[in-house]
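Contents: one structure, followed by commentary.
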Amino acid sequence: MTLPKFVFGMVIVIIIVSIWSYLDAASWGTILLRGVICAVILQVGYFLVVLAMVLRSEPKPAQAKDAGTPAAGTAAVVPGDDLTPKGSSH
């Protein structure tokens with residue numbers, strides 16, 4: 001799910017919770033509190049879903065091939081002539 005879809009859905013859910021609270025004759029403070037609690041619960045849920053998707057994803061073939069090489073965790077060797085700054089001297 002993309003972020004804009006999530007934000008749109010979250011706003012709709014908060015509006016529904018607010019209308020439900022208003023029809024339940026809740027005070028304005030209670031309506032605001034319920035909206036904030038609803039937003040926090042939705043944000044935590046979204047974070048957990050994204051975290052689960054990242055943890056369950058498998059590395060791509062190019063990433064898996066690079067991870068198996070012995071030089072994967074070592075620093076790259078830079079030639080001496082590449083150490084001179086390029087571009088504007090400002």
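Since the structure is predicted, the reported quantities are computational estimates derived from the model, not experimental observations. Residues take their numbers from the sequence shown, with the count starting at 1.
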#### Entry: Shared hydrophobic cluster, Met10 / Leu33 (ILVMFWY, side-chain heavy atoms < 4.5 Å)
no
### Query
CE/Met53 to OG/Ser57 distance, rounded to the nearest 0.5 angstrom?
8.5 Å
### Message
side chain to side chain contact (heavy atoms under 4.5 Å, CB included) for Ser21 and Thr30? Distances and angles first, verdict last.
### Response
CA-CA 8 Å; Ser21 296; Thr30 303; 5.8 Å; no
### Note, Leu23 side chain near Trp20 side chain (heavy atom, < 4.5 Å)
no
### Aromatic ring pairing Tyr46/Phe6, orientation class (parallel under 30°, perpendicular over 60°, tilted between)
parallel
### Task
Spell out, yes or no, whether Leu32 and Ile37 are grouped together once hydrophobic residues are joined by side-chain heavy atoms under 4.5 Å, including indirect joins.
no
### Message
Using the rule that Ile, Leu, Val, Met, Phe, Trp and Tyr join whenever any side-chain heavy atoms are under 4.5 Å apart, tell me whether Phe47 and Val44 fall into a single cluster.
### Response
yes
### Sole residue of Ile15, Ile14, Ile16 in side-chain contact (heavy atoms from CB on, under 4.5 Å) with Ser18
Ile14
